[in-house]
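Here the structure is laid out as structure tokens; the discussion comes afterwards.
In the text below, chain A, chain B and the rest are named by the order of the sequence lines, each starting its count at 1.
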Amino acid sequence: MIKAIKGTKDTLPVDMPAWKKIEKTVAEKMANFNYKEIRTPVFEETRLFSRGIGEATDIVSKEMYTFTDRSENSVTLRPEMTASVVRAFVEHNLGKIQNLNKLYYCAPMFRQERPQAGRLRQFHQFGAEALGSNDPSIDAEMIILAYDIIKSFGLKNIVVKINSLGVPSSREEYKNILKDYLSDKFEQLSAESKNRYETNILRLFDSKDKGDQEVMENAPLLIEHLDDESLEHFDKVKQILLAAQIPFEVDPKLVRGLDYYTNTTFEIISGSVGSQSALCGGGRYNLLIEQLGGKETPGIGFAAGIERILLACENEKSLEVPEEKIDLYVVRLDKELVNKAYEIGLFFRRNNLNVEVDYAQKSIKAQMREANRYNAKYTLLVGGEEFENGKIVLKNMENSEQEEFPVEQLEAILEKIK
RNA sequence: GUGGGUGUAGCUCAGUUGGUUAGAGCGUCUGGUUGUGGCCCAGAAGGCCGUGGGUUCAAAUCCCAUCACUCACCCCA
């Protein structure tokens, strides 16, 4: 048996209502905040990601689906969306058409990691990017937007965390301060953290190792060493969030692994999924666009993992998904009326009703049971005495009431059902 | 890449210290008097017990290997 590739999942018809609900809510909420949808190819030139996300990041160094195509070009299945959106923004000069571009997407991403709860190799994210403004209100808007969408799925067990990484110059200064602090404690760190000391020292803060946590307990914090401008920016973001009644907490230890972040970063964490608890993550990236060959432009964005949200919704039983119903099931009472029943069904299908008919010469009882299984609002009984008298019977499946209609007057039935 | 857990019917799972034709619930199908669903009742179909090897008179059960799935580390959405 050929099976789906490790870390990929089929979304079966039974799963679709929940997905549709998420997608619809995202589209509506994005429209409320006036974000416009953008779609980009699932694969890009490899260097877009290595340059955009950062050569040293885990995503680029060991998780990308990269291959050489038949023309000897190195291409990569996108591991995230920001780099692609920025590429499209630069390529199509969107910054010249309007000052502020507010864009959103909902699309599959690919990373070759070991799958576990809330982590797949092909997974889906929705997210937004706002390119062209450094105003704190845009930072806050991103967080509000993400929070409102996730909240609308009924999730309760969530926490919004925010932090500021400042600008690179102050961050570099801070890294030296941190290294000074750690100079006499280096040997106490776990093997993994000793490694991180070189690659990404900021990540020492979210180590799960107890010993590391003790060492980092009293470490100087980045937020205490921000430049004045970044600090002021961060304060304004917090003010707007308070006014918008977003229950956030400042987490000075929130560090994000992608190289492009500057200033504001944030995460929305759920306590209802496994250890992969970040439903959403994002932040500002004021240097990325220039780095990818565009004109210096501030930007900010977030991405949310749909599978993780669905997992949280499942565990909290929070997502209200309407029961699927069909409008009509055509029941054929006499065997010789197969074609007639099909024809009648087709009429209603072509008039925009959702209709099912029997394809297996089933008994009347079996057809009724099937109508019930599909949650048919009505059944139409074709055959017998009534049919001989030119009539067919419409049955309301909720209250069991039956009504006769002349066979030629399908429009009257259509009216009734609508 | 490193650990832990689990593989029995379409699904969720039982299966006692190895011992006859491997079970349940749900689902599916067929019936329960002339032509009508849900509830209820009866019956049926459906399993190389993940795969390969070993121990044994005898293996779903014990041992080894292998594969798959899964959770966690790492990292991230």
Side-chain angles (χ1 to χ4, degrees), chain A residues 1 3-7 9 12 14 53 56-64 78-82 105-127 146 150 190-193 195-196 199-200 203 206-209 254-258 266-270 273-283 301-312 329 331-335 337 360 362-388 393-402:
Chain A
M1 183 174 47
K3 297 202 281 186
I5 285 174
K6 185 198 279 286
K9 276 216 156 47
L12 298 174
V14 69
I53 301 170
T57 60
D58 278 29
I59 291 180
V60 172
S61 64
K62 54 188 194 198
E63 295 170 5
M64 292 204 302
R78 63 174 172 226
E80 59 108 49
M81 195 67 174
T82 303
Y105 58 85
C106 184
M109 311 292 157
F110 307 84
R111 294 182 199 172
Q112 189 166 358
E113 298 178 86
R114 192 79 160 260
Q116 71 183 73
R119 192 169 76 187
L120 293 167
R121 290 183 170 185
Q122 175 176 345
F123 59 103
H124 297 76
Q125 293 184 328
F126 64 82
I150 287 172
S190 66
E192 271 159 1
S193 283
N195 214 359
R196 273 186 287 226
T199 56
N200 191 346
R203 297 214 63 89
D206 52 15
S207 171
K208 290 177 187 175
D209 183 89
L254 171 63
V255 183
R256 303 195 46 78
L258 282 63
F266 63 96
E267 273 184 7
I268 298 177
I269 312 286
S270 168
V273 294
S275 72
Q276 306 303 308
S277 55
L279 298 185
C280 163
F302 78 85
I306 296 181
E307 285 85 353
R308 284 185 192 177
I309 289 172
L310 284 169
L311 202 60
Y329 187 101
V331 176
R332 165 203 40 73
L333 302 186
D334 303 316
K335 286 213 163 57
L337 290 174
K362 283 204 264 288
S363 69
I364 294 160
K365 187 192 189 102
Q367 290 180 75
M368 290 302 289
R369 278 181 172 159
E370 188 165 72
N372 206 49
R373 190 174 56 237
Y374 287 128
N375 282 313
K377 293 176 200 159
Y378 289 89
T379 47
L380 192 56
L381 310 175
V382 180
E385 218 174 285
E386 293 90 341
F387 190 78
E388 278 164 31
V393 178
L394 182 68
K395 175 169 181 169
N396 181 322
M397 293 297 276
E398 269 137 52
N399 58 20
S400 298
E401 281 172 17
Q402 300 193 173

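Distances shown here put every side-chain N or O of A:K6 at or beyond 4.0 Å from the OP1 or OP2 atom of B:A68. For A:S363 and B:G31, the shortest distance from a side-chain N or O to OP1 or OP2 is below 4.0 Å. Residue A:Q276 places none of its side-chain N or O atoms closer than 4.0 Å to OP1 or OP2 of B:C76. In this model, the phosphate group of B:G35 is not approached by any side-chain N or O of A:K395 to a distance below 4.0 Å at OP1 or OP2. Between B:G27 and A:R373, no contact under 4.0 Å exists linking OP1 or OP2 to a side-chain N or O.
A:Q112 comes within 4.0 angstrom of no nucleic acid atom, judged by non-hydrogen atoms across all strands. Here A:L120 lies in heavy-atom contact (under 4.0 Å) with a base. Using a 4.0 Å heavy-atom distance criterion, A:L333 is classed as a base contact. When heavy atoms are screened at a 4.0 angstrom cut-off, A:K335 is found touching no nucleic acid atom at all. Counting non-hydrogen atoms under 4.0 angstrom, A:A366 reaches the backbone sugars and phosphates but no base. Using a 4.0 Å heavy-atom cutoff across all strands shown, A:R196 reaches sugar-phosphate atoms only and no base atom. The residue A:E385 sits close to a base: some heavy atom pair falls under 4.0 Å. At the heavy-atom level, A:I309 lies nowhere under 4.0 Å from the strands shown. Residue contacts for A:G274: at a heavy-atom cut-off of 4.0 Å it reaches the sugar-phosphate backbone alone, with no base atom in range. Heavy atoms of A:A117 sit under 4.0 angstrom from primed sugar atoms or phosphate atoms, though from no base atom.
Note: CE (A:M368) to C1' (B:G37) measures 4 Å, nearest angstrom. Regarding A:R203, its CZ atom lies at a distance of 10 Å from the P atom of B:C74, rounded to whole Å. Following rounding to the nearest Å, A:I306 (CD1) and B:C76 (C1') show an atom-to-atom distance of 16 Å. Rounded to a whole Å, the CD atom of A:Q367 is 10 Å from the C1' atom of B:U36. Taking atom CZ of residue A:F266 and atom P of nucleotide B:C76, one finds them 16 Å apart after rounding to whole Å. Rounded to an integer number of Å, the gap from CG of A:L381 to P of B:U36 is 10 Å. The distance between atom CD1 of A:I364 and atom P of B:U30, rounded to the nearest whole Å, is 13 Å. As a whole-Å value, the separation of A:E113 CD from B:A72 P is 13 Å.
Looking at A:Q125, its side chain has no donor and acceptor atom pair within 3.5 Å of the base of B:C76. The base of B:G31 is paired with the side chain of A:R369 by a donor and an acceptor separated by under 3.5 Å.
Each of A:N399 and A:I5 lies near RNA chain B, and the nucleotide nearest A:N399 is the one positioned closer to the 5' end. Mapping A:V255 and A:M397 onto RNA chain B by nearest heavy atom places A:M397 closer to the 5' end of the strand.
Closest non-hydrogen pair, A:G384 versus A:D334, comes out as N-OD2, 2.7 Å.
The salt bridge (Lys or Arg N to Asp or Glu O under 4.0 Å) pairs that include a residue from residues 109-118 of chain A are A:E113-A:R119, where partners are two or more places apart or lie in different chains.
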Letter per nucleotide, 5' to 3', of nucleotides 44-50 of chain B [B base touched, S only sugar-phosphate touched, - untouched; heavy atoms, 4.0 Å]: -------
Per-nucleotide protein contact string for nucleotides 1-10 of chain B (B base, S sugar-phosphate only, - none; heavy atom under 4.0 Å): BBB-------
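Partners of A:L333 under the side chain to side chain contact (heavy atoms under 4.5 Å, CB included) rule, at least two apart in sequence or in another chain, are A:V331, A:I364, A:L381. Considering only residues two or more places apart in sequence or on other chains, A:R121 meets the salt bridge (charged side-chain N to carboxylate O under 4.0 Å, His left out) condition with none of them.
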Dot-bracket notation for RNA chain B, counting Watson-Crick and G-U pairs under 3.5 Å, with | for partners on another strand: (((((((..((((.....[...)))).(((((.......))))).....(((((..]....))))))))))))....
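Ring planes of A:F302 and A:F126: perpendicular class, angle over 60° (limits at 30 and 60°).
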